[in-house]
Enquirer: 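The structure follows.
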Amino acid sequence: MASSPGPAPSLEEYLAARLPLWRALHGRVLPFNEDEYRVMEQRAYERARDLQAALNHTLAGAAEQSSAPDLTAITAPTLVLHGTESL
């Protein structure tokens with residue numbers, strides 16, 4: 001699933017790209033229920049009007065640029081959650 005415009009990926013191509021991301025975000029402490037995430041992502045695939053646009057969120061999150069400077073500018077009360085798992 002490249003970031004350039006082109007034909008939409010098939011459902012299986014989409015799942016092959018999305019499930020490893022969910023597996024990594026899930027961590028190793030609790031079992032990963034692949035069937036649950038497969039159903040969730042299949043619904044997203046079926047409902048999406050533009051899969052490429054939806055992937056922009058994933059690509060932005062994976063960008064190497066640090067968001068720390070932006071985070072220090074937040075002045076509203078903020079709750080930050082993080083885990084202890086590392087990849």
Enquirer: Going from CZ on Phe32 to NE2 on His26, what distance comes out if it is rounded to the nearest 0.5 angstrom?
Expert: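 Reported to 0.5 Å precision, the distance equals 6.5 Å.
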Enquirer: Quick one: do Arg38 and Glu12 make a salt bridge, cutoff under 4.0 Å?
Expert: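 Salt bridge present between Arg38 and Glu12.
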Enquirer: Do Tyr45 and Arg18 make a side-chain contact, defined as non-hydrogen atoms from C-beta onward lying under 4.5 Å apart?
Expert: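 A side-chain contact under 4.5 Å is absent here.
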Enquirer: Do Tyr37 and Val39 land in one hydrophobic cluster if side-chain heavy atoms of ILVMFWY residues count as linked below 4.5 Å?
Expert: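 No, separate clusters.
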Enquirer: Checking the side chain of Thr72 only, and the main-chain atoms of Asp70 only, is there a donor and an acceptor separated by less than 3.5 Å?
Expert: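 Looks like no, no N/O pair under 3.5 Å.
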Enquirer: Among all residues two or more places apart in sequence or in another chain, which pass the side chain to side chain donor-acceptor pair (under 3.5 Å) test with Glu46?
Expert: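 Side chain to side chain donor-acceptor pair (under 3.5 Å) list for Glu46, sorted by chain: Gln42.
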Enquirer: Hey, any chance Leu11 and Met40 share a hydrophobic cluster, counting ILVMFWY side chains that come within less than 4.5 Å of each other, even indirectly?
Expert: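 Same cluster: Leu11 reaches Met40 through Ile, Leu, Val, Met, Phe, Trp or Tyr contacts under 4.5 Å.
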Enquirer: Report yes or no: do Trp22 and Glu34 form a side-chain donor-acceptor pair below 3.5 Å?
Expert: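 Result is no, nothing qualifies.
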Enquirer: Are Leu25 and Tyr14 connected, step by step, through hydrophobic side chains (Ile, Leu, Val, Met, Phe, Trp, Tyr) whose heavy atoms are closer than 4.5 Å?
Expert: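 Yes, one cluster joins them.
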